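Here is the structure we will look at.
Position 1 is the first residue of the sequence, and the numbers go up from there. What you see is a predicted model; the values in this text were computed from it and never measured.
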Amino acid sequence: MPKNSKVVKRELDDEVIESVKDLLSNEDSADDAFKKSELIVDVQEEKDTDAEEASEIEDERPAWNSKLQYILAQVGFSVGLGNVWRFPYLCQKNGGGAYLLPYLILLLVIGIPLFFLELSVGQRIRRGSIGVWNYISPKLGGIGFASCVVCYFVALYYNVIIGWSLFYFSQSFQQPLPWDQCPLVKNASHTFVEPECEKSSATTYYWYREALNISSSISESGGLNWKMTICLLAAWVMVCLAMIKGIQSSGKIMYFSSLFPYVVLICFLIRALLLNGSIDGIRHMFTPKLEIMLEPKVWREAAAQVFFALGLGFGGVIAFSSYNKRDNNCHFDAVLVSFINFFTSVLATLVVFAVLGFKANVVNEKCIAQNSEMIVKFLKMGNISEDIIPHHINLSAVTAEDYHLVYDIIQKVTEEEFPALRLNSCQIEDELNQAVQGTGLAFIAFTEAMTHFPASPFWSVMFFLMLVNLGLGSMFGTIEGIITPIVDTFKVRKEILTVICCLLAFCIGLIFVQRSGNYFVTMFDDYSATLPLLIVVILENIAVSFVYGIDKFMEDLKDMLGFAPSKYYYYMWKYISPLMLVSLLIASIVNMGLSPPGYNAWIEDKASEEFLSYPMWGMAVCISLIILAILPVPVVFIVRRCNLIDDSSGNLASVTYKRGRALKEPVNLEGDDASLIHGKIPSEMSSPNFGKNIYRKQSGSPTLDTAPNGRYGIGYLMADMPDMPESDL
């Protein structure tokens with residue numbers, strides 16, 4: 001390093017905060033041209049100091065303790081409850097094993113490229129979602145705010161599901177399990193089974209009446225359910241304590257919360273495979289129905305599942321990757337996490353249908369026993385002739401094959417009278433075809449299956465502890481998608497912001513623990529995230545590919561990764577992914593328009609679900625959720641476009657800067673995207689008074705590219721840029 005540069009470096013070592021006006025007043029009056037000039041950095045000197053300076057920047061931002069911790073955080077965020085209770089349902093509904101093909105294709109076309117894009121911009125710019133999109137284009141800064149709003153909406157109801165899981169977890173330390181049998185009701189004369197439970201089932205009754213104590217419609221609040229209120233408070237306390245120190249605290253918890261679900265899933269799979277009927281469930285699951293695969297609805301639902309499974313648009317992916325070193329191989333991370341997510345979904349599907357196959361086998365055996373008793377009764381009454389029953393069949397201990405043989409014979413011989421007999425065919429496929437998802441799978445179907453397990457309380461504890469961990473892993477990423485960009489932008493204390501965020505969310509979340517709260521969860525799940533997230537990711541793709549420039553972004557990736565990414569990503573980001581996303585958005589809007597807005601209400605008298613439409617105020621809430629989530633995008637664009645908040649007026653009292661000079665100078669972000677400093681060879685320019693490595697740019701000088709790896713050069717100089725808050729630079 002030249003002598004003069006060493007002197008300058010020593011002089012710039014102390015951190016100071018000074019008034020911009022004071023700094024400018026100390027400049028020589030004859031040097032007005034220098035005040036208006038752009039800053040030029042000696043390329044040769046930058047190369048010598050780049051590694052040292054970059055390491056000091058990275059030291060200022062929290063970092064992951066290890067690569068494993070980071071991967072587990074991304075896996076924990078992307079692998080959530082949807083992998084367990086949404087993917088198996090879609091797989092069964094959309095062609096069984098054949099559904100995996102469109103899912104894999106769309107994972108390669110939409111999932112991995114967009115996941116790689118979010119990882120790249122977070123790692124490249126080292127900011128949360130607000131800072132990242134402000135950096136690329138201040139007019140698109142609303143994308144980051146929209147991500148934060150959507151994250152908050154999702155966090156509000158997602159933690160309610162964790163609260164439900166905590167309630168079931170706390171009730172699982174009993175033998176027998178409390179949802180094993182219908183409760184008995186006593187009156188003055190006799191004891192009888194609870195009618196609501198008798199009309200449905202023990203697990204269904206326990207879910208709707210004991211756990212939720214649900215009302216008959218969304219308009220009937222019914223007051224707070226105190227059991228669920230306490231569980232919701234416990235869930236938010238857990239999230240707050242885990243997130244209060246950022247990745248320094250949540251990162252350590254990831255080792256358990258991300259790995260424990262895999263231990264439980266593998267244990268469940270091994271146990272289920274040893275039970276009768278599990279193979280029937282798996283065979284039914286993966287039997288391909290190729291004709292269904294050609295339907296457009298299958299591809300739309302597969303695209304939506306890929307999109308939401310990876311957590312695109314939430315900002316959590318960007319926030320987590322912003323704590324990486326700039327030379328981290330984020331391409332490898334994108335491929336690895338995407339396929340871990342996919343194989344987790346397949347593993348969960350195997351487990352779910354192995355368990356449901358066992359449950360279907362138990363239900364089928366009961367069906368056969370009941371219908372065999374009816375046949376014996378009809379034989380005694382003479383409704384059916386004993387001559388038509390094969391002699392080798394013993395109806396008191398009949399197998400499934402023998403029962404189906406008898407059923408077919410009776411159906412053929414007594415064609416006209418057969419419907420009046422009301423016999424059931426008792427096919428195991430009929431039970432497996434009853435597709436369930438979401439809470440219906442986790443809190444009704446799966447809990448019923450576990451009541452038939454040997455040592456059922458142990459398996460119930462494991463299952464609901466797994467759901468809690470899956471939910472927490474996703475919640476950590478969701479909250480990080482809110483906290484990180486706000487801390488980066490507004491420089492507030494992370495601990496205080498985390499406590500305020502969680503406390504406010506708990507207070508708002510009380511609407512979800514009313515007796516009608518389950519209907520609000522459905523409303524938020526259907527309307528607060530789907531369309532807004534699609535719009536956010538479309539804008540992210542456009543911002544990188546067309547505003548920042550796909551060629552420039554590919555060069556940045558080459559500098560950052562040390563190798564040029566495949567041209568495959570170039571064409572995906574520029575052409576294929578935007579078209580696919582716009583098509584998915586249109587299809588989602590059409591589907592939403594064709595589907596009547598409503599919810600499935602539990603009717604106590606009928607002991608069954610009934611579809612009800614939202615009242616007018618409910619429709620207003622649904623529309624408001626979509627508008628509020630998207631509103632930051634046009635608002636920020638208009639504010640920045642019309643200069644309603646003028647950041648370049650010179651009225652900014654002071655700026656904080658470190659190891660460098662704060663210069664009041666105009667920078668054209670539109671023309672140079674986000675480049676703050678330009679390189680120039682020393683011999684081309686005369687030196688200013690304070691060093692040989694910083695030069696003035698005369699009018700007409702050519703504009704060069706940013707410093708290698710997107711770093712700002714040797715001085716960490718912070719320019720007062722129009723349309724961009726100082727905290728985002």
Side-chain angles (χ1 to χ4, degrees), residues 81 85 156-174 176-187 191-236 436 438-448 450-451 460 463-464 467-468 471 505-526 598-612 614-615 618 621:
L81 297 171
W85 67 28
L156 289 175
Y157 75 85
Y158 203 86
N159 223 24
V160 175
I161 301 173
I162 298 177
W164 293 342
S165 302
L166 284 173
F167 174 76
Y168 269 80
F169 172 75
S170 67
Q171 299 299 307
S172 296
F173 296 91
Q174 303 178 45
L177 291 169
W179 49 83
D180 185 35
Q181 300 290 334
C182 283
L184 298 176
V185 179
K186 295 182 180 179
N187 60 16
T191 302
F192 57 94
V193 176
E194 169 65 48
E196 186 180 3
C197 184
E198 191 174 21
K199 293 176 186 176
S200 53
S201 68
T203 51
T204 304
Y205 172 82
Y206 191 86
W207 166 242
Y208 284 116
R209 190 54 52 214
E210 296 293 335
L212 299 181
N213 193 20
I214 200 164
S215 61
S216 297
S217 75
I218 196 171
S219 300
E220 299 175 26
S221 167
L224 289 178
N225 180 339
W226 288 105
K227 291 181 290 188
M228 289 305 172
T229 303
I230 293 170
C231 290
L232 178 63
L233 177 61
W236 275 114
V436 287
T439 54
L441 174 63
F443 299 109
I444 298 177
F446 219 86
T447 50
E448 183 179 345
M450 286 187 295
T451 58
S460 182
F463 176 70
F464 289 110
L467 289 188
V468 169
F506 168 72
C507 294
I508 299 174
L510 292 177
I511 65 171
F512 302 110
V513 289
Q514 303 174 94
R515 290 184 59 197
S516 59
N518 187 45
Y519 307 138
F520 284 97
V521 170
T522 302
M523 176 190 290
F524 271 66
D525 191 36
D526 289 342
Y599 59 100
N600 288 319
W602 179 257
I603 309 301
E604 183 177 355
D605 296 336
K606 300 178 181 177
S608 63
E609 288 186 335
E610 182 177 314
F611 184 83
L612 299 178
Y614 287 117
V621 172

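Side chains of Thr447 and Tyr168 form a contact here, defined as non-hydrogen atoms less than 4.5 Å apart. Between Leu81 and Tyr158 the shortest side-chain heavy-atom distance falls below 4.5 Å. The shortest side-chain heavy-atom distance between Trp85 and Phe446 does not fall under the 4.5 Å cut-off. A heavy-atom distance below 4.5 Å is not found between the side chains of Thr191 and Val185. The side-chain heavy atoms of Tyr206 and Pro178, taken from C-beta on, include a pair separated by under 4.5 Å.
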Please test Met523 against Ile218 for side chain to side chain contact (heavy atoms under 4.5 Å, CB included), starting from the C-alpha separation and ending with a verdict.
CA-CA 10 Å; Met523 176 190 290; Ile218 196 171; 3.7 Å; yes
Would you check, one step at a time, whether the test ring pair (Phe, Tyr, Trp, His ring centres under 6.0 Å) holds for Tyr599 with Tyr614?
CA-CA 7 Å; Tyr599 59 100; Tyr614 287 117; 5.3 Å; yes
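Of the inter-residue distances, the one linking Thr229 atom OG1 with Gln514 atom CD reads 9.5 Å to the nearest 0.5 angstrom. Distance check, rounded to the nearest 0.5 Å: CD1 of Ile161 to CG of Leu467 gives 10.0 Å. Remark: Ser216 OG to Arg515 CZ distance equals 7.5 Å, nearest 0.5 Å. Taken from CD1 in Ile214 to CD1 in Ile603, the straight-line distance is 9.5 Å, to the nearest 0.5 Å. Atoms OG and CZ, from Ser165 and Phe463 in turn, are 8.0 Å apart once rounded to the nearest 0.5 Å. With rounding to the nearest 0.5 Å, the separation of CG in Leu166 from CG in Asn159 is 8.5 Å.
Looking at every heavy atom in both residues, Glu198 comes nearest to Cys182 through N-SG, 4.2 Å. Between Ser172 and Ser460, the shortest heavy-atom distance links the atoms OG-OG, 2.7 Å. Across all non-hydrogen atoms, the minimal contact from Phe173 to Ser170 is CD1-O, 3.8 Å. Closest non-hydrogen pair, Val160 versus Val521, comes out as CG1-CG2, 4.2 Å. Residues Cys231 and Gly163 approach most closely at CB-O, 3.4 Å, considering heavy atoms. When all heavy atoms are compared, the tightest approach of Ala202 to Cys197 is CA-SG, 3.7 Å.
Outside the 6.0 Å centre-distance limit, the rings of Trp179 and Phe443 are not counted as a close aromatic pair.
Looking only at distances, a side-chain donor or acceptor of Ser215 sits under 3.5 Å from a matching main-chain atom of Glu220.
Sorted by first then second residue, the salt bridge (Lys or Arg N to Asp or Glu O under 4.0 Å) pairs that include residues 199-216, not counting sequence neighbours, are Glu196-Arg209, Arg209-Glu604.
In this structure, Tyr208 and Trp602 have parallel ring planes: the angle between them is below the 30° cut-off, well short of the 60° mark.
Here the rule is side-chain contact (heavy atoms from CB on, under 4.5 Å) with Phe464, and of Phe169, Phe167, Trp164 only Phe169 fits it.
Annotation for Gln174: atom CD counts as buried by contact number, over 12 foreign heavy atoms lying within 6.0 Å.
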